[in-house]
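Keep in mind that this is a model prediction, so the values were computed, not measured. In what follows, every chain begins at residue 1, and chains take the letters A, B, ... in the order their sequences are listed. Worth knowing before you read on, the calculation uses all heavy atoms, side chains too, and leaves out hydrogens, waters and symmetry mates.
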2 protein chains.
Amino acid sequence: MIRSDAARNRAKVLAAAEIVLGEQGLTARMDEIARRAGVGVGTVYRHFATKEALYAAIVSARVDLLLDEAARLRAAAEPQTGFFRFFAQVVADAARKKTLTDALRSAGIDVKAEQAGQRTQMREALADLLRDAQRVGAVRPDVDMPEILALLRGASMAAETGDYSGPVIDRTLAVLFDGLRPLAAHEPLPSA
Amino acid sequence: MIRSDAARNRAKVLAAAEIVLGEQGLTARMDEIARRAGVGVGTVYRHFATKEALYAAIVSARVDLLLDEAARLRAAAEPQTGFFRFFAQVVADAARKKTLTDALRSAGIDVKAEQAGQRTQMREALADLLRDAQRVGAVRPDVDMPEILALLRGASMAAETGDYSGPVIDRTLAVLFDGLRPLAAHEPLPSA
DNA sequence: GTAGAATCGGAATCAATATTCCGTTTGAAG
DNA sequence: CTTCAAACGGAATATTGATTCCGATTCTAC
């Protein structure tokens with residue numbers, strides 16, 4: 001039987017950590033997370049063995065949401081837009097909270113097994129959407145995953161670290177997407 | 001009169017720091033820099049008050065080189081290619097050493113006065129090249145600096161943190177550049 | 001209502017590094 | 001060749017922040 005206060009506190013810690021890590025990334029302090037959760041640090045540690053574990057739990061949850069979104073977009077069967085929407089979705093997520101790319105960057109080297117799985121799933125989801133889009137001619141046929149991943153990482157990191165306003169992100173993505181489209185004319189950029 | 005050994009050591013420290021910081025970014029340890037320079041930590045500190053100061057000295061030098069390059073490209077009077085070459089140049093530099101974007105990122109907030117000046121210069125150099133390119137129709141007229149900066153930052157960060165092979169970077173930039181070109185047909189991507 | 005186990009809070013501990021200090025060494029000038 | 005100020009090396013110190021520990025406080029079950 002899980003004690004009710006334990007469950008409550010765990011939730012409070014997760015919520016606080018999501019906010020604090022989202023604002024400050026990996027450099028956030030455990031004290032701060034505990035303080036904002038209204039519990040002692042000891043409690044944070046009873047629920048999550050290390051800062052990294054806490055961090056992983058949150059990133060993992062967010063990636064799952066993105067994966068759901070990818071599946072939904074694919075099921076919607078609009079191959080012309082699915083890929084682009086998902087791409088924009090990921091970037092928007094990065095802009096909102098600074099945790100995703102942080103993980104890729106600083107961790108980078110020592111990805112935990114669990115996360116490695118998610119990473120693969122993410123890659124596959126993106127590859128599927130890309131393939132669909134290319135099949136219907138919405139994305140030029142000569143681009144491949146490596147450059148897509150590089151572009152996505154770059155866009156996410158830029159969105160995450162800079163303090164770009166929404167319109168700038170939209171215009172940036174518009175340029176990027178135009179580069180991915182087949183010879184067709186450019187979309188007009190959204191106004192700044 | 002500057003003692004000869006002092007001058008020599010200063011140079012050794014700078015050289016070592018360029019390598020170590022280039023490999024490990026801001027997380028590199030002062031011990032390590034001292035060790036590789038073949039001097040004691042005390043010596044490092046006699047020449048550079050803090051790690052940040054040492055870091056700043058190196059970044060500053062690199063930015064100066066890039067600024068020179070921008071001026072050279074502009075003087076070469078090939079407005080069709082100057083902008084793109086410079087963009088690629090910056091990204092290549094980021095890929096080689098992980099210091100530039102680090103500074104923009106983590107510092108981000110507290111940019112030193114000196115560096116603020118360089119940042120302005122960088123922005124102006126880029127704006128000049130962009131204007132030239134747009135005048136001759138090499139870059140679509142509806143893009144503006146904010147999105148250019150976002151793209152450059154993103155590309156640099158991706159190049160810096162990922163372990164992309166040269167060809168992938170080339171292909172990524174090719175996509176990106178195609179998005180910046182006017183309606184004209186895409187360039188064929190460089191082979192992977 | 002009470003006992004016992006689980007959970008709490010947060011002070012104390014530990015670890016990792018930047019930075020300082022000072023006795024020792026070295027270069028420059030006379 | 002001396003002298004002495006400047007520079008050196010690297011041990012000692014200071015700081016920052018994660019993690020551990022344990023007495024005090026809840027829960028839950030009976």
Would you say B:Arg46 reaches D:dC8's phosphate, i.e. side-chain N/O to OP1/OP2 under 4.0 Å?
-> yes
Could you tell me the separation between the CG atom of B:Leu26 and the P atom of C:dA18, rounded to a whole number of Å?
-> 10 Å
Is it true that a side-chain atom of A:Glu147 and a backbone atom of B:Ile169 form a donor plus acceptor pair closer than 3.5 Å?
-> no
DNA chain D: 5'-proximal contact among B:Val44 and A:Ala49 (nearest heavy atom) | B:Val44
C:dG10 C1' sits how many Å from A:Glu32 CD, rounded?
-> 16 Å
A:Asn9 side chain N/O closer than 4.0 Å to the phosphate oxygens (OP1, OP2) of C:dC8?
-> yes
With a 4.0 Å cut-off on heavy atoms, is A:Ala7 in touch with a base, just the backbone sugar-phosphate, or nothing at all?
-> nothing
Could you state the CD1-C1' distance from A:Ile2 to C:dA6, rounded to the nearest angstrom?
-> 12 Å
Atom-pair distance (CG on B:Asp31; C1' on D:dC8), nearest Å = 16 Å
A:Phe48 has an atom CZ; how far is it from atom P of C:dT7, in whole Å?
-> 14 Å
Nearest to the side chain of B:Ala6 - C:dT17, C:dA28, D:dC8?
-> D:dC8
Can any side-chain N or O of B:Arg62 pair as donor or acceptor with the backbone N or O of B:Asp93 at less than 3.5 Å?
-> yes
Rounded to whole angstrom units, what separation is found between the OH atom of A:Tyr45 and the P atom of C:dA11?
-> 16 Å
Ignoring the backbone of A:Val41, work out which of C:dA11, D:dC27, D:dG10 is nearest its side chain.
-> C:dA11
Look at the side-chain N and O atoms of A:Arg3 and state whether any lies under 4.0 Å from the OP1 or OP2 oxygen of C:dA6.
-> no
If you check the A:Ser4 side chain, which of D:dT28, C:dA28, C:dT20 turns out closest?
-> D:dT28
Mind calculating the distance between NZ (A:Lys12) and C1' (C:dT7) to the nearest angstrom?
-> 13 Å
ILVMFWY cluster, A:Leu21 and A:Ile19 together (side-chain gap under 4.5 Å) | no
Of all the nucleotides listed (D:dC8, D:dT28, C:dA18), which has the minimum atom distance to the side chain of B:Asp5?
-> D:dC8
Tell me whether the OP1 or OP2 atom of D:dA18 has a side-chain N or O from A:Thr50 closer than 4.0 Å.
-> no
For atom CZ of A:Arg29 and atom P of D:dT15, their distance in whole Å | 15 Å
Give a yes or no on whether a salt bridge exists between A:Lys97 and A:Glu18, defined as a side-chain N under 4.0 angstrom from a carboxylate O.
-> yes
Under 4.0 Å: is that the gap between some side-chain N or O of A:Thr43 and OP1 or OP2 of C:dG9?
-> yes
Please check the phosphate of C:dC8 (OP1 and OP2 only) for any side-chain N or O of A:His47 closer than 4.0 Å.
-> yes
In plain terms, say whether A:Asp178 and A:Arg181 are close enough for a salt bridge, that is, a side-chain N and a carboxylate O under 4.0 Å apart.
-> yes
